[in-house]
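Below is one structure, written out as structure tokens; the observations come after it.
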Amino acid sequence: MNIVDTLGDSRLYNLHSHTQYCDGKATMEEFAQAACNAGFTHYGYSPHSPICLTSDCNMSETDVPAFLNEVERIKRGPYGEKVKFHASMEIDYLGNHWGPAIPYFQDMPLDYRIGSVHFIPNQKGTYIDIDGAASDFIKKMHDYFSDDIRYVVEKYFEQIHEMIDAGGFDIIGHFDKIGHNGSHYAEGLDHNDWYTDLIDGVIAHIASAGIIAEINTKAKKLHNRFFPDQRHWQKVIESGIPVVVNSDAHHPLLINADRDMPLDWLASHKV
């Protein structure tokens, strides 16, 4: 049974969240309490995975046993009597040597895995973090990518396709997130026909691979944006892709943030 099947008809879930083990702003216990108080049926802990690069946002490999032990403690405790908690990771794809499919992650006792791209290689082959603040992205465009936004976007989606081919994960994370920072660098970037063609190609690939896509609501409040952007949702569901709605919460108050609108939309657009 995949993770979508375990949710049943529940709307009160979140499968993408970050705590003290990566760049989250509270402990796993605090998130568990928030999930219980909100009446959630399922809650997934998905720290940014260890990676083979230096990163302030990713959990340390040495913290993995403590993280897994904490999930089990919460499952067995009083919160676990009310909410089904899941151990997961948001695993960075960094090429064929590091990603969800490698034995290190496949051997972990995780309930499901999220595959995401946050880093891409620049023209010299150095992996650069293209996530984070738009102001940082704009500076990196000049410092690391010779201000070639087309290269960055195409390389991002190339990494997405490679990750899908490699497999090893259940949910693909925010698969068009480059559109956000890219649009800060070049306004209207993600409305170009060539960009839409890239999105369409990814949607087709996700569908053929039989993996789950998320509608990620993290940026809705501050930037009025979902991942994927709302104009792509119809293509996603018409492609037969299973969809979950995740808040990508980094704070307990945001575990259900802005999820109602996409959940309502999905309920009224079943195919």
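None of these values were measured; they are calculated from a predicted model.
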Just how far is it from atom [atom1] of [X] to atom [atom2] of [Y], taken to the nearest 0.5 Å?
X	Y	atom1	atom2	answer
N14	Y45	CG	OH	11.0 Å
I212	D5	CD1	CG	8.0 Å
N122	Y144	CG	OH	9.0 Å
L189	N181	CG	CG	11.0 Å
I215	K220	CD1	NZ	12.0 Å
I203	I237	CD1	CD1	11.0 Å

Requested in this report: For this output row, return yes or no: ring centroids of H16 and H250 closer than 6.0 angstrom.
Outcome: no
Query raised in the report: Looking at Y195 versus F157, is the centre-to-centre ring distance below 6.0 Å?
Result: yes
Query raised in the report: Does one side chain, of D92 or N58, offer a donor that lies under 3.5 Å from an acceptor on the other?
Result: yes
Report task. Please check if any side-chain donor atom of H142 sits under 3.5 Å from a side-chain acceptor atom of D147, or the reverse. Result -> yes
Do [X] and [Y] come within less than 4.5 Å of each other through their side chains, counting heavy atoms only?
X	Y	value
F105	F169	no
I114	D170	no
P252	Q33	no
I51	Y127	no
V117	I178	no
H42	F85	no
L68	L110	yes
S239	V236	no

Sidechain-backbone polar pair: [X] side chain, [Y] backbone, donor-acceptor under 3.5 Å:
X	Y	answer
N192	W194	no
H251	L253	yes
T217	A257	yes
T27	E30	yes
S146	D148	no
K218	A249	no
S183	G188	no

**Report entry** Intermediate values then yes/no, side-chain hydrogen bond (donor to acceptor under 3.5 Å, both in side chains), D165 and H205
**Finding:** CA-CA 9 Å; D165 283 335; H205 200 174; 2.9 Å; yes
Residue pair [X] / [Y]: nearest heavy atoms and the distance that separates them:
X	Y	answer
I130	F137	O-CD1, 3.6 Å
H174	F227	CB-CB, 3.6 Å
I255	F40	O-CZ, 3.8 Å
T6	H86	OG1-CE1, 4.5 Å
V244	L15	CG1-CD1, 4.1 Å
P242	I211	CD-O, 3.6 Å

Report summary line: residues 94-112 vs side chain to side chain donor-acceptor pair (under 3.5 Å), sequence neighbours excluded, gives K75-D111
Query raised in the report: Is R73 salt-bridged to E29, going by a charged N under 4.0 Å from an acidic O?
Result: yes
Query raised in the report: Salt bridge or not for D190 and R231, using N-O below 4.0 Å?
Result: yes
Requested in this report: Using the six-membered ring wherever Trp is involved, compare the ring planes of H269 and W265 and label them parallel, tilted or perpendicular (cut-offs 30° and 60°).
Outcome: parallel
Query raised in the report: So among S46, S49, P47, S17, which one has a side chain to side chain contact (heavy atoms under 4.5 Å, CB included) with S88?
Result: S46
Count the heavy atoms belonging to other residues, nucleotides or ligands that lie under 6.0 Å from [atom1] of [X], then report whether that count exceeds 12.
X	atom1	value
K84	NZ	no
D197	CG	yes
Y79	OH	yes

Query raised in the report: Going through the distances and angles, do D229 and H232 end up as a side chain to side chain contact (heavy atoms under 4.5 Å, CB included)?
Result: CA-CA 6 Å; D229 190 81; H232 304 302; 3.8 Å; yes
Requested in this report: Identify the residue among H48, Q159, E90 that makes a side-chain hydrogen bond (donor to acceptor under 3.5 Å, both in side chains) with S116.
Outcome: E90
Would a single hydrophobic cluster contain both [Y] and [X], if residues Ile, Leu, Val, Met, Phe, Trp and Tyr are joined by side-chain heavy-atom contacts under 4.5 Å?
X	Y	answer
M59	F119	yes
L7	I241	yes
V83	V71	yes
L222	Y185	no
Y156	V202	yes

Query raised in the report: Given the rule in the side-chain hydrogen bond (donor to acceptor under 3.5 Å, both in side chains) test, do E162 and Y93 qualify, once you have shown the distances and angles that lead to the verdict?
Result: CA-CA 9 Å; E162 288 182 8; Y93 179 80; 3.1 Å; yes
Report task. Could you go through the side-chain hydrogen bond (donor to acceptor under 3.5 Å, both in side chains) check for N216 and D248 one step at a time? Result -> CA-CA 7 Å; N216 186 306; D248 196 351; 3.1 Å; yes
Query - Step-by-step side-chain hydrogen bond (donor to acceptor under 3.5 Å, both in side chains) determination, T41 to S10 - result: CA-CA 7 Å; T41 60; S10 176; 2.6 Å; yes
**Report entry** Sequence neighbours excluded, every pair satisfying salt bridge (charged side-chain N to carboxylate O under 4.0 Å, His left out) that has a member inside residues 10-21
**Finding:** R11-D260, R11-D264
Query raised in the report: Going through the checks in order, is the side chain to side chain contact (heavy atoms under 4.5 Å, CB included) test met by L266 and W233?
Result: CA-CA 9 Å; L266 288 169; W233 294 357; 5.9 Å; no
Report task. Any chance you could lay out the side chain to side chain contact (heavy atoms under 4.5 Å, CB included) test for V245 and M261, step after step, and finish with the verdict? Result -> CA-CA 10 Å; V245 180; M261 185 277 223; over 6 Å; no
Report summary line: Sequence neighbours excluded, the answer for ring pair (Phe, Tyr, Trp, His ring centres under 6.0 Å) partners of F145 is none
